[in-house]
Amino acid sequence: DTGTIKLASLLLDDKDDDGDNAEEKRSSSGGDGNNLRIKCSRVLTGHNHMVNALALDTERKCLYSGSADNSIIRWSLEELSSESEEEESCMSCFLGHTGSVNALALLCVDQQHPDTSGRGRVQRLLLFSGANDQTIRVWDAERGVCTGTLRAHQGAVLDLALIGNYIHTHTHTFRSQ
C-alpha cells in the first residue's frame, strides 16, 4: 500500500455484528447497542512513496497529502463523491521540496484585494509544508505555487502547527556517532 491513501466512512449501526436488533440488546445489556463500523470507500493512488501527512480543507472540499516522494498532491473530494476514477480527483501536484514531506497545515488569510476598484477583501488559503530538507514552504494552496521558503531549521521538520500568528515546529537533527 505504499503511496496510497485510504478514505473511510464511519457508520453507526443499530444492528449488532450477529444481525440482531440492537434495541433488544440495549434493554437487556444496559449498553447503547450501537456499533461503530469503518468502511473503506476509496483508495487514492498518486504518490510513489509512503504518505506522511494529510490536511483537509472542508470548505473547498480538498484533501492535501504529503509524501516521502518529496511531493504534495491536492485531491478533490467533490470528484470522489461521484463515481469518477481516482486519477480524475488529483487536482494538482506541488513540487519543490528536496526531501520527504512530513507535515502539512492550512491557514485561511483575509487580505485586502490587490486592485483598488473597491472589491474589498479576499480570502486566501495558504498551505504550510515541512520536510526532511530542513525547510518549511508556504504555498498558495489553490494555485499550487510556492510563495516562500523558511530555512531556519537545522534538522528535518517532522511536524508543524499554526497557532495564532505563530508556526510551531518539531524538528530532528541527524547526528552521526
Side-chain angles (χ1 to χ4, degrees), residues 1-10 38-111 113-115 121-163 165-174:
D1 288 357
T2 299
T4 63
I5 301 166
K6 293 183 179 178
L7 301 178
S9 302
L10 295 177
I38 300 173
K39 177 185 172 196
C40 183
S41 56
R42 283 288 189 161
V43 176
L44 304 178
T45 56
H47 287 291
N48 295 322
H49 293 287
M50 181 173 62
V51 175
N52 298 326
L54 298 172
L56 180 63
D57 177 7
T58 56
E59 186 174 317
R60 291 165 189 82
K61 297 183 180 167
C62 293
L63 176 69
Y64 297 83
S65 58
S67 170
D69 65 9
N70 308 345
S71 73
I72 300 164
I73 294 179
R74 179 170 58 137
W75 306 89
S76 168
L77 297 181
E78 284 186 320
E79 293 290 329
L80 292 174
S81 62
S82 69
E83 291 301 316
S84 67
E85 294 297 315
E86 287 83 2
E87 290 79 19
E88 294 174 21
S89 60
C90 175
M91 297 172 68
S92 56
C93 188
F94 302 10
L95 301 174
H97 279 292
T98 58
S100 177
V101 178
N102 302 316
L104 298 173
L106 289 165
L107 177 67
C108 193
V109 179
D110 194 29
Q111 293 181 319
H113 197 278
D115 109 20
R121 304 187 73 73
V122 294
Q123 286 193 335
R124 194 169 149 209
L125 186 65
L126 300 177
L127 176 69
F128 290 75
S129 59
N132 280 359
D133 61 10
Q134 302 179 7
T135 66
I136 294 175
R137 290 188 179 260
V138 183
W139 305 85
D140 179 317
E142 294 174 286
R143 295 184 309 139
V145 175
C146 182
T147 61
T149 303
L150 308 173
R151 292 180 164 78
H153 294 87
Q154 299 197 5
V157 180
L158 301 177
D159 202 4
L160 61 89
L162 305 172
I163 302 171
N165 292 331
Y166 296 96
I167 302 171
H168 298 271
T169 62
H170 170 222
T171 62
H172 179 73
T173 304
F174 299 99

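Nothing here was measured: the structure is a model prediction, and the numbers come from that model.
Relative orientation of the Trp139 and Phe94 rings is tilted, given thresholds of 30° and 60° on the angle between their planes.
Note that the OG1 atom of Thr45 and the NZ atom of Lys6 stand 12.0 Å from one another [nearest 0.5 Å]. Atoms CZ and SG, from Arg74 and Cys93 in turn, are 11.5 Å apart once rounded to the nearest 0.5 Å. With rounding to the nearest 0.5 Å, the separation of CZ in Arg124 from CG in Asp140 is 5.5 Å. Considering NE2 of His170 and CG of Leu160, their distance stands at 12.0 Å, rounded to 0.5 Å. Within the model, atoms OG1 of Thr149 and CD of Gln134 stand 13.5 Å from one another, a figure rounded to the nearest 0.5 Å. Rounding to the nearest 0.5 Å places NE2 of His49 at 9.5 Å from OG of Ser100.
Of the listed residues (Leu104, Leu106, Thr169, Leu162), just one forms a side-chain contact (heavy atoms from CB on, under 4.5 Å) with Phe128, and that residue is Leu162. Considering Leu44, Thr4, Val51, Ile72 in turn, Val51 is the only one that fulfils the side-chain contact (heavy atoms from CB on, under 4.5 Å) rule with Ser65.
The salt bridge (charged side-chain N to carboxylate O under 4.0 Å, His left out) pairs that include a residue from residues 128-139 number zero, where partners must be two or more places apart or lie in different chains.
For Asn102 (side chain) and Val157 (main-chain N/O), a donor-acceptor pair under 3.5 Å exists by modelled atom type.
Counting all heavy atoms, side chain and backbone alike, Ser67 lies closest to Asn52 at C-ND2, 3.9 Å. Annotation for Ala8 and Ile38: closest pair CB-CG2, 3.5 Å, computed over non-hydrogen atoms. Considering every non-hydrogen atom in both Ser71 and Val101, the closest pair reads O-CG2, 3.9 Å.
Evaluation of the salt bridge (Lys or Arg N to Asp or Glu O under 4.0 Å) rule for Arg60 yields Asp57, Glu142 as partners, not counting sequence neighbours. Applying the ring-ring contact (aromatic ring centres under 6.0 Å, His included) test to Tyr64 and every residue at least two apart in sequence or in another chain returns nothing.
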Begin from the C-alpha positions of Leu7 and Ile5 and carry the test side-chain contact (heavy atoms from CB on, under 4.5 Å) through to its verdict.
CA-CA 6 Å; Leu7 301 178; Ile5 301 166; 4.1 Å; yes
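Residues Leu56 and Leu77 are in side-chain contact: their nearest non-hydrogen atoms beyond the backbone lie under 4.5 Å apart.
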